[in-house]
Amino acid sequence: MKDFKDKVAFITGGGSGAGFGQAQIFSEAGCKVVIADVRQDNLDRAMEHFKRENADVHPIRLDVTDRAAYIAAADETERVYGTPPQILIQTAGVNAFGPAEASTYEDYDWIVGVNLGGVINGMVTFVPRMIRAGLGGHIVAVASLGGLGPCSTTAPYSCAKAAVINLMETYYEALKPYGIGVTCFCPGNMNTNIHEASLTRPENLRNSGYYESPEALEGYRKHNARGMDIRDVGRAILESIRQGIVISIPYENREDILRGEMRRMIDYCTPEGMARLKEQKPPTEDNEELRSLMEAAQLGWSKAKGDIDWVETDRRYTK
Ligand code: NAI
């Protein structure tokens, strides 16, 4: 897709962070934009901005895990703008981090439910409508570098994002005949409000194995504040659509990043490779980003709750 004028763009998680940045950039490129978000306060704040800009943006309150609500949101989009979207950007996501061995059923149900289940719901709701409309288009899902390179404290998040990458590649092949492109966006750190994710955690899925105090989350917020600007995120996605990029990693050294991840996978499958991996030293790079992560960890971020007694003491938050 090269021309964005008058296209209808439906953006999940559009009320905050990366989704809000995308809504700004696609609106400025001439799109009519639907922002769909589970948080009404985020939608209201975003709409204050778009009203000031006189932009054609329509808010819809939507929990992406609710299939009936998703169908209703698709119907509403067609009522408001006359067609299904030609651009679907699935950005809504949540995270919570802690040792894999501390994870509860509820950690998996919530994090996988939103990050993977939400994208599946978006595909099943919109793909048939977009094909039937016959207008072509482009579908984006926001995964993460964490879906390519998992770490021991990101199990539910990384497995969901890895599955999203695989899912989007599948749809890339499937949707070619219909003139619908597919991009999976895999960023690292972004300057957003994801440290507030647990505010959207449903009551019945509250039981977590991870330690999440306000101080620990404040440490994580400071780390995120060093991340990519949300308007740059929007620009990177628009450019990826324009160029028809399937796996979009918004950094100059993206090929090296991917080679590193693939190298590890290749090493896993031979005895020589396993020996190479064992010799590898952990990164000792002294940079601000690593320091802010260490500071957050000292406040308990990404540790297990103290009462989870099977987790090693230094992986639990015990003051
Ligand atoms: P954010 O918290 O600022 O924005 C996420 C938005 O999604 C919020 O407005 C939230 O209300 C909404 N949301 C959460 N659950 C929802 C649900 N069930 N249904 C509908 N909306 C829901 O966070 P951010 O960082 O902008 O997140 C966007 C995406 O970027 C997520 O998929 C996240 O996993 C991904 N990501 C974020 C990174 C970061 O460093 N912030 C790094 C890599 C990926």
Side-chain angles (χ1 to χ4, degrees), residues 10-24 34-47 49 59-67 69-70 72-73 89-97 109-122 125 140-151 154 156-165 168 184-202 205 217 220-234 236-237 248-251 257 289 292-293 296 301-302:
F10 186 101
I11 302 176
T12 71
S16 165
F20 179 46
Q22 293 151 21
Q24 293 174 40
V34 175
I35 51 172
D37 204 292
V38 74
R39 276 182 62 174
Q40 188 62 49
D41 57 338
N42 283 355
L43 286 173
D44 292 345
R45 244 190 320 271
M47 286 310 294
H49 167 88
I60 298 181
R61 179 113 187 247
L62 169 69
D63 177 347
V64 293
T65 66
D66 180 340
R67 291 172 174 168
Y70 223 136
I89 310 182
Q90 306 190 76
T91 306
V94 292
N95 68 19
F97 297 135
D109 284 351
W110 177 51
I111 297 168
V112 177
V114 176
N115 291 305
L116 173 59
V119 175
I120 290 171
N121 292 343
T125 304
V140 178
V142 175
S144 165
L145 283 185
L148 294 163
C151 97
T154 63
Y157 186 74
S158 287
C159 78
K161 295 299 191 182
V164 166
I165 296 169
M168 296 314 282
C184 188
F185 186 65
C186 299
N189 194 24
M190 300 190 288
N191 183 6
T192 70
N193 301 308
I194 198 139
H195 57 282
E196 292 182 1
S198 62
L199 295 179
T200 64
R201 191 165 175 147
L205 300 179
L217 290 175
Y220 183 43
R221 185 197 67 74
K222 283 189 184 150
H223 168 70
N224 279 140
R226 298 196 162 87
M228 190 172 180
D229 176 77
I230 57 168
R231 287 181 57 87
D232 289 340
V233 172
I237 290 182
S248 169
I249 299 175
Y251 309 104
I257 292 174
E289 189 162 326
S292 70
L293 274 180
W301 176 74
S302 85

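If you're wondering where the values come from, they're calculated on a predicted model, not measured in any experiment. Scope of the values below: all heavy atoms of this structure, side chains included, with no hydrogens, waters or symmetry mates. Just so you know, ligand 1 is whichever comes first in the structure, and atom 1 is the first atom listed for that ligand. All residue numbers refer to positions in the sequence shown, counting from 1.
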**Item:** Donor on one side chain, acceptor on other, Ser16 and Arg39, under 3.5 Å
**Value:** no

For this session: Apply salt bridge (Lys or Arg N to Asp or Glu O under 4.0 Å) to Arg67 and list each qualifying residue two or more places apart in sequence or on a separate chain.
Result: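 Testing Arg67 for salt bridge (Lys or Arg N to Asp or Glu O under 4.0 Å), a comparison that skips the adjacent residues, returns none.
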
With heavy atoms of [X] as the reference, note each atom of ligand 1 found under 4.0 Å away.
{"X": "Gly17", "result": "3 (O), 26 (O)"}
{"X": "Val94", "result": "14 (C), 15 (N)"}
{"X": "Asn189", "result": "40 (O)"}
{"X": "Gly188", "result": "38 (C), 40 (O), 42 (C), 43 (C)"}
{"X": "Asp63", "result": "17 (C), 18 (N), 19 (N)"}
{"X": "Ala18", "result": "26 (O)"}
{"X": "Pro187", "result": "43 (C), 44 (C)"}
{"X": "Arg39", "result": "11 (O)"}

Just need the protein heavy atom nearest to [atom], so name the residue and atom and give the distance.
{"atom": "atom 22 (C) of ligand 1", "value": "Val38 CG1, 3.5 Å"}
{"atom": "atom 24 (P) of ligand 1", "value": "Thr192 OG1, 3.4 Å"}
{"atom": "atom 20 (C) of ligand 1", "value": "Leu62 O, 3.0 Å"}

| field | Shortest heavy-atom approach to atom 29 (C) of ligand 1 - which of Asp37, Ile60, Thr91, Val119 | value |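 When every heavy atom of Asp37, Ile60, Thr91, Val119 is considered, Thr91 comes closest to atom 29 (C) of ligand 1.
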
Note: heavy atom closest to atom 1 (P) of ligand 1, options Ala197, Ser16, Gly146, belongs to Ser16

Minimal heavy-atom distance between Phe20 and Gly15, with the atoms involved, is CB-C, 4.1 Å

Is [X] in contact with ligand 1, taking contact as a heavy-atom separation below 4.0 Å?
{"X": "Lys161", "answer": "yes"}
{"X": "Val142", "answer": "yes"}
{"X": "Tyr157", "answer": "yes"}
{"X": "Ala143", "answer": "yes"}

Contact between [X] and [Y] at the side-chain level, heavy atoms closer than 4.5 Å - yes or no?
{"X": "Met228", "Y": "Asn191", "value": "no"}
{"X": "Met168", "Y": "Val119", "value": "yes"}
{"X": "Pro59", "Y": "Met47", "value": "yes"}

Review point. Does Leu145 approach ligand 1 within less than 4.0 angstrom via side chain, backbone, both or neither, non-hydrogen atoms only?
Key: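 No part of Leu145 is near ligand 1 at this cut-off.
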
**Study point:** Parallel, tilted or perpendicular, as decided by the 30° and 60° cut-offs, for the rings of Trp301 and Tyr220
**Key:** parallel

